[in-house]
Colleague: 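Please see the structure below; I have some questions.
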Amino acid sequence: MFKLYNSMGRKKRRFKPMDENSVRMYACGITAYYSAHIGNMRTYVNQDILKRLLLHDGYKVVHVQNITDVGHLASDADTGDDKIRAEAEKEHRSMREIADFYAGIFIEDMKALNIMVPDVMPKASEHIPEMLNLIKRLSDKGFLYQASNGIYFDTSKFRGYGKLTGMGFKQLNNSLKEGARVEKVEGKRHATDFAVWRFAGQDEKEMVWDSPWGRGFPGWHLECSAMSMKYLGEQFDIHCGGIDHLQVHHTNETAQSEAATGHRFVDYWVHENFLTVDGKKMSKSLKNIYTVKDILAKGHSASALRLFMMSANYRQGLNFTFEALSGSESELAGMYSLMERLSSVQGRAKNDDTAEFKKSLRSMKKEFFARLNDDISMPEALAAMHSLMNAVSARLGSGKLNRAEAKAAARAMLEMDSILGLQLGGHYRGDAPPLGKEAKALLKEREAARKSGDFRRSDEIRDLLREKHGIAVEDTKAGQSWHRTPG
Ligand code: AMP
Ligand code: ZN
């Protein structure tokens, strides 16, 4: 049974999709006006883990994640310039070039982090008819009015506005008014009201469209409602996004979607917490960002970065430091090394406790999935994986682990990695050919040399095995053990 925390209602709930076998999931994508930073990427890694878990649980997952290429203003609360328009002016490029360029980098970064690319990545600018249609439905139902710079949604007309936040209408309005900069818009009725359509200025030529409401472009909140409903239906299972989207963006998405359709929009709202630097949210405006490429350029691997991102539960903040990333690098090296060692275990000796050993592997693997099925408690799941790794290493170290047991251990690791996505499979060559005659004879000779105290010869053979046969020998209490070296 999978329990998932639902921001709507603020409770962990048993997950039950609308269709028995498939899950429809939407994630707010990036606004493509800069190279996404590793804070953004943490959110997408967390969503990827959720998706992989659903796939592992046997569901088909339809995953939609938009690309915002117009309409996201400098402040999420609908004020300031369009972020992409402003960047296009700064870089002297077209808005489309800016959006395509940064969306391309984002997809490369997703792939580097082994994030499964969503099934559909709709661009806002390619869904204007759907957005105008949604505006018409809202207009026909009397939810909209015109203010000086656009068509606004009257949040006082939607009963339960703000239910995602746990705050009432008045409280939300007050909190917005108290908040930093609320730009005065002539004719705007409430602080929480938001534009579904913004009128274009005289000099705005690109990414503007004619409409029954005048020449302009859609509001950012409206875009996600229109695109999610187009690809997933008017009601779907999971809507994800960073925690910063809860109070305004998702609150407004809910209001306008439910106002238009007259029924619930989303069953489970999932919000991922921030990656921070010195306790502050990583964000472009604070100039405390690193991109995936920055991290790779410093010699770290994308898989270590992914593992680092898993070191806290998705609902908790995670502070980024290079020391912590190096810690994840070593942790990952430990996983890879175990997989490599498991690849080369050849012993066929019968152990009388094999059944017991395999049972303990199963129970640790079960614990891993049980922790994940409890609202994706990743640090606890990883702890279960490490217990399994320790048990396997101990048995390897004592020279007892035989080939069948090594295969069972590797299979368990690979199943866990279907969620973690750390590429452990690339370090497992379980089906590599058995040892050749010469290597076997050398191992035997070395064992005998050690027993007779001829350490010079035993060291010579060790070097020979490594150089000529790619085999690393270790001396354990139970005698020598060996594994193939990577490469
Ligand atoms: P944006 O392009 O600003 O819409 O952000 C894309 C996604 O990244 C959204 O889901 C944001 O909530 C999320 N996000 C932004 N900053 C951070 C951060 N520091 N840590 C985690 N997620 C973030
Ligand atoms: Zn969105």
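We count ligands from 1, going down the list as the structure has it; atoms in each ligand are counted the same way. As the structure is a computational prediction, the values presented were derived from the model and not from experiment.
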Colleague: Which protein N, O or S atoms lie under 2.8 Å from the Zn ion (ligand 2)?
Modeller: Cys28 SG, Cys224 SG, His249 NE2
Colleague: If the criterion is any heavy atom closer than 4.0 Å to an atom of ligand 1, which residues make the list?
Modeller: Gly29, Ile30, Thr31, His37, Gly39, Asn40, Thr43, Tyr44, Gly241, Gly242, Asp244, His245, Asn273, Phe274, Leu275, Lys281, Met282
Colleague: Over 60° means perpendicular and under 30° means parallel, so classify the ring planes of His245 and His249, tilted if in between.
Modeller: perpendicular
Colleague: Please state whether the rings of Tyr336 and His427 are parallel, tilted or perpendicular, taking 30° and 60° as the class boundaries.
Modeller: parallel
Colleague: Going by the salt bridge (charged side-chain N to carboxylate O under 4.0 Å, His left out) test, which pairs reach into residues 276-291, not counting sequence neighbours?
Modeller: Asp244-Lys281
Colleague: Give me the ring orientation class for Phe153 and Phe143: parallel if the planes are under 30° apart, tilted from 30 to 60°, perpendicular past 60°.
Modeller: parallel
Colleague: May I have all residue pairs that pass salt bridge (charged side-chain N to carboxylate O under 4.0 Å, His left out) and include part of residues 145-159, sequence neighbours excluded?
Modeller: Asp154-Arg189
Colleague: Out of Asn252, Thr192, Thr251, Thr254, which residue meets the side chain to side chain donor-acceptor pair (under 3.5 Å) rule with Tyr161?
Modeller: Asn252
Colleague: Classify the angle between the aromatic ring planes of His127 and Tyr231 as parallel (below 30°), tilted (30 to 60°) or perpendicular (above 60°).
Modeller: perpendicular
Colleague: Distance only, no hydrogens: is a donor on one side chain within 3.5 Å (strictly under) of an acceptor on the other, for Ser303 and Ser301?
Modeller: no
Colleague: When you check the gap from the basic side-chain N to the acidic O, do Lys293 and Glu108 get nearer than 4.0 Å?
Modeller: yes
